[in-house]
Structures are given as structure tokens and as C-alpha cells.
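Just below is one structure, and these are the notes that go with it.
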There are 2 protein chains.
Amino acid sequence: MDATLDQHAAWLAKSLGRTDYLPLRPEDAVALADAGAVVDKYKGTHLFREGDLADACFIIEEGEVELYRNNGAEKSVVARIGSGSVVGDIAMFQERPYLSSARAIRNTTVLRLERDRLVPLLLARPVLAMRWLVNGLSQLEATQQRIIRLMNRTVLEQVAGLLLDEQDSYGDVLLSQAAIAELLGASRQSVNEALAQLRSEGAIETGYRRITVVSEDRLARTSST
Amino acid sequence: MDATLDQHAAWLAKSLGRTDYLPLRPEDAVALADAGAVVDKYKGTHLFREGDLADACFIIEEGEVELYRNNGAEKSVVARIGSGSVVGDIAMFQERPYLSSARAIRNTTVLRLERDRLVPLLLARPVLAMRWLVNGLSQLEATQQRIIRLMNRTVLEQVAGLLLDEQDSYGDVLLSQAAIAELLGASRQSVNEALAQLRSEGAIETGYRRITVVSEDRLARTSST
DNA sequence: ACTGATTGGTCGGGCACCCGACATTCCGGT
DNA sequence: ACCGGAATGTCGGGTGCCCGACCAATCAGT
């Protein structure tokens with residue numbers, strides 16, 4: 001098994017999993033809630049596991065869920081999603097295996113929508129079906145554009161772009177340098193060097209498992225996207 | 001404008017444009033034909049141009065259409081599609097600009113489906129809508145897997161993989177080495193070197209704008225996918 | 001057949017990056 | 001407070017690839 005390939009697949013899955021795109025209207029939400037089953041997941045339990053046939057998708061009502069992939073013996077966290085996020089839908093529509101595992105990291109309440117009940121519902125509500133699926137298309141296409149943007153660029157440019165994408169509302173990126181290297185398919189040393197340069201330029205500050213974006217402008221200029 | 005980036009986008013668009021995925025059932029085809037307009041396109045005329053807002057998609061009934069992208073002054077052909085292929089639908093559903101231009105290279109008959117008429121039709125026939133859109137999802141996802149497979153691999157491996165993908169039914173790949181280099185985001189020289197090695201291993205034969213696959217097994221072993 | 005343009009083939013210099021190794025700093029748990 | 005593991009920082013050696021340059025081979029048009 002190629003670990004690098006898995007890492008990229010992990011990044012892909014992260015974007016796939018970032019399905020907080022579905023702005024449900026009230027009447028649609030009611031119909032969905034009616035078709036699904038509310039399930040309480042205790043901390044540590046799984047919604048689904050990588051490789052399982054995707055026979056259901058999940059909408060998170062309350063709590064927090066971690067998406068991760070197994071790369072050989074290790075597991076690499078791919079995303080953390082919270083209330084309102086939808087996960088597993090794209091794999092479910094295609095009737096293919098999940099690309100990642102999903103595990104509750106707090107006590108979590110989810111709406112479980114089984115394929116066999118959701119599909120008839122969508123067929124009965126074609127507007128909802130169109131919106132859901134077209135949003136899925138947009139999601140996938142945006143991921144592709146992002147991947148293409150990062151191909152054949154220097155590690156420095158890739159790191160700058162990643163930091164711009166991944167920073168939270170405080171400008172922090174809570175990832176180890178090794179994790180960033182895995183996401184980019186680069187070596188830890190190269191990432192370290194790139195971060196050192198960005199730091200010397202005053203674009204970021206670095207700490208233990210934490211990078212703080214100081215100047216988005218400088219980062220954007222470096223990433224040249 | 002970054003030419004390398006555009007070339008990768010072109011290859012992406014090729015997969016996006018390769019929308020020969022829609023196996024229509026007779027009754028669906030009738031409904032579609034009813035909603036669309038049959039248009040004759042003479043050799044050299046355009047179905048649409050890159051950048052235009054996608055307000056319609058096209059199903060090719062007879063003839064051949066070339067998809068290409070403009071990269072600054074040059075144009076690079078991205079795909080050729082024939083009878084039964086669907087083109088422009090993904091951009092249309094998203095109400096975004098076309099990713100490539102489409103031009104008839106023979107006298108061609110197409111079914112033009114305008115968004116304003118197709119969407120109501122799909123809403124009235126949700127089964128058709130689901131099949132169309134889920135097929136689109138599969139298409140995009142396959143493209144992503146392909147892109148990810150090629151990232152962070154040596155030029156030799158990439159070339160081997162590309163030849164496996166692009167060979168026609170006779171095992172021929174009718175591309176110049178420069179064109180292959182553009183598709184992979186590599187230099188012409190590196191591609192030439194890779195081809196020389198594959199030739200010395202007996203996996204392929206090379207000619208003027210032509211590469212013939214002799215041993216798929218050797219190629220597959222080299223590409224290690 | 002001749003000519004210009006395109007394509008194929010090859011060489012050498014330079015560079016970004018990977019890899020291994022090692023020291024240092026930081027953190028969490030008993 | 002200590003200690004082991006994890007993360008950060010830094011240094012050479014090696015290498016795959018880009019780039020510029022150049023020439024040979026092939027093709028297309030008059």
C-alpha cells in the first residue's frame with residue numbers, strides 16, 4: 001500500500017466530508033427528519049467505517065464527529081465536522097464504500113438517513129433531490145480545482161495555500177508539521193523550511209502544533225493563486 | 001497566466017468533458033428529445049465557447065465534436081467526443097461558465113437542451129434526474145481518483161499510466177511527446193527520457209506522433225497502480 | 001523535389017526536494 | 001517534578017526533474 005497515495009486520498013476525503021453545504025429549508029428538514037432516525041452516539045462510537053458499503057448518510061444535529069482514514073497501522077485525521085454537516089452522502093448515492101471512517105468524539109446526536117428510505121423521498125421531492133445532488137457536484141468540482149491549483153507548485157507555495165485554506169476564525173492552524181507534510185505529499189523537513197521562511201517574512205507565527213496566520217496578504221502573495 | 005496550471009485544468013476538463021456516461025432508456029430519450037431542439041452544426045462551428053455562461057447542454061446524435069481550451073494564444077485539444085456523448089451538463093447544472101469550448105469537426109447533429117426547459121423536465125421525472133446527476137458524481141469522483149493517483153509519482157510512472165489510459169483499441173496513442181508533457185505537467189525532455197526507457201524495456205514502440213503499446217503488463221508494472 | 005515547420009532525441013547545468021541522522025524543545029501522564 | 005514520547009529545528013548527500021541549447025528526423029505545402 002502506498003502511504004503517499006493514501007494521504008492524498010485522505011485530503012480528498014476531507015473535502016468530500018466537508019459537506020456543510022446543504023442549506024435545508026424548514027419543510028425539507030421536516031420531511032428528512034421524518035424519513036430518518038435520530039441516533040445518539042456516545043463518545044468514541046462509530047457512525048461508519050472506511051470500506052463499509054455506504055447504505056446510509058448522516059446529518060449531525062449536535063456534537064462533533066471526526067473523519068479519519070487508516071493508512072496501514074496508523075490513522076490520520078481527515079476532518080472534524082459539527083452541527084449541520086452532512087457526511088457519507090456522496091458515497092451513498094453511488095452505492096460505493098465510504099472513503100473514510102466517522103467516529104463521534106463527543107456525545108453526539110445524528111440523523112441517520114438510510115439509502116432505501118432517502119432515495120424514495122428524494123424521488124418524491126425532486127427539488128430537494130436536485131439541490132442536494134447539484135451541491136454535491138459543486139463540492140466535488142471545487143475540490144478538484146483545489147487539487148489542481150496545488151499541483152506542480154513548490155512546497156513553499158503549497159504550504160502558504162494550505163494555511164490560507166485551513167486557518168480557523170482566529171487565524172490558527174492546529175496541525176503538526178508532519179501532518180501538513182502528509183496532506184501536501186511533501187516531506188516534514190521541506191514543510192519546516194517553508195514555515196521558517198514564512199515566519200521570517202512575518203506572514204505567520206509558529207508554535208507547538210500551532211501556526212498562526214499574521215498576514216493573509218503575504219501568504220496570498222506567496223501562494224500566488 | 002500560468003500555462004502549466006492551464007494544462008492540468010485541460011486534462012481535468014477532458015475527464016469532465018468525457019460525459020459519454022448516460023445510458024438513456026427509450027422513454028427517457030423521447031422525453032428529452034421533446035424538450036430539446038435538434039440542431040445541425042456545420043464543420044467548424046461552435047456549440048459553445050469556454051467562459052460562456054452554461055445555459056444549455058448538448059447530446060451528440062451524429063458527428064464528432066472537439067473540446068478544447070485556450071491557453072493564452074494557443075489552443076489545446078482536450079477531448080473528441082462522438083455519438084451519444086453528453087457535454088456541458090455539469091457546468092449547466094451549476095450555472096457556471098463552460099470549462100472548455102466545443103466545436104464540430106464534422107457536420108454534426110446535436111440535441112440542444114436548454115437549462116430552463118431541461119430542469120423542469122428533470123423535476124417532473126425524478127428518476128431520470130437522479131440517474132443523470134449521480135452519474136455526474138461518479139464521473140467527477142473517478143476523475144479525482146485519477147488525478148490523485150498521478151500526484152507525487154515519477155514522470156516514468158505517470159507516462160506509463162497515461163499510455164494505459166489513452167491507448168485506443170489498437171494500442172496506439174496519437175499524441176506528440178510535447179502534448180503528453182503538457183497533460184502531465186512535465187517537461188518534454190523528461191517525457192522523452194521516460195518513453196526511451198519504456199521502449200528499451202519492450203513495453204512500447206514509438207513513432208512520429210504515435211506510441212504503440214506492446215505490453216500492457218509491463219506498463220502496468222511500471223506505473224504500479 | 002525543395003523548404004520551412006514541427007517533432008524527436010540528447011547533453012549539461014542547476015535546483016528544489018527527499019531522505020537519513022541528530023540535537024533540541026515541548027507536552028502529557030504517573 | 002520527573003520522564004518518555006512527540007514535535008520542532010537543522011545539517012549534508014543524493015536525485016529526479018526543469019531548463020536552455022542544439023541537431024537530426026519527419027511531415028506538409030508549393
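To find a chain, count down the sequence lines: A is the first, B the second, and so on, and within it residues start at 1.
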Can you work out whether B:Q158 or A:T206 has the more 5'-proximal nearest nucleotide on DNA chain D?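 Nearest nucleotide further toward 5': that of A:T206.
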Do [X] and [N] share a donor-acceptor pair, side chain to base, under 3.5 Å?
X: B:E193; N: D:dG16; result: no
X: B:Q189; N: D:dG20; result: yes
X: A:R188; N: D:dG9; result: yes

Distance, rounded to the nearest Å, where [X] contributes [atom1] and [N] contributes [atom2]:
X: A:L184; N: C:dC18; atom1: CG; atom2: C1'; result: 15 Å
X: A:N192; N: D:dG12; atom1: CG; atom2: C1'; result: 16 Å
X: A:R209; N: D:dT8; atom1: CZ; atom2: P; result: 8 Å
X: B:Y208; N: D:dT26; atom1: OH; atom2: P; result: 10 Å
X: B:N152; N: D:dC17; atom1: CG; atom2: C1'; result: 14 Å
X: A:L156; N: C:dC15; atom1: CG; atom2: C1'; result: 15 Å
X: A:Q177; N: C:dC26; atom1: CD; atom2: C1'; result: 13 Å
X: A:R153; N: D:dC18; atom1: CZ; atom2: P; result: 15 Å

Please determine whether a side-chain nitrogen of the Lys or Arg among B:E114 and B:R112 lies less than 4.0 Å from a carboxylate oxygen of the Asp or Glu.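 So B:E114 pairs with B:R112 through a salt bridge.
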Taking A:R115 first and then A:E95, would you say they form a salt bridge - that is, a charged N and a carboxylate O separated by under 4.0 Å?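 Salt bridge: yes.
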Students often mix this up, so state it plainly: with edges at 30° and 60°, are the rings of A:Y98 and A:F48 parallel, tilted or perpendicular?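 Rings of A:Y98 and A:F48: parallel, under 30°.
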For the CD atom on B:Q94, are there more than 12 heavy atoms of other groups (residues, nucleotides or ligands in this structure) within a distance under 6.0 Å?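 More than 12 within 6.0 Å, yes.
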Does C:dC17 have its OP1 or OP2 closer than 4.0 Å to a side-chain nitrogen or oxygen of A:S187?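 No, A:S187 has no side-chain N/O under 4.0 Å of OP1/OP2 on C:dC17.
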Which is true for A:R210 with a 4.0 Å heavy-atom rule: it touches a base, it touches only sugar-phosphate, or it touches nothing?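 Nothing: the residue A:R210, judged by heavy atoms under 4.0 Å, touches no strand.
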Check whether B:S138 reaches the backbone of B:G136 with its side chain - one donor and one acceptor, N or O, closer than 3.5 Å.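 It does not hold such a pair.
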Nucleotide of D:dC18, D:dG16, C:dC17 approaching A:T154 most closely (side-chain heavy atoms):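 Out of D:dC18, D:dG16, C:dC17, the nucleotide with an atom closest to A:T154's side chain is C:dC17.
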Selection from D:dC18, C:dG8, C:dC18 that lies nearest to any side-chain heavy atom of A:A186: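 My answer, after comparing the listed nucleotides, is C:dC18.
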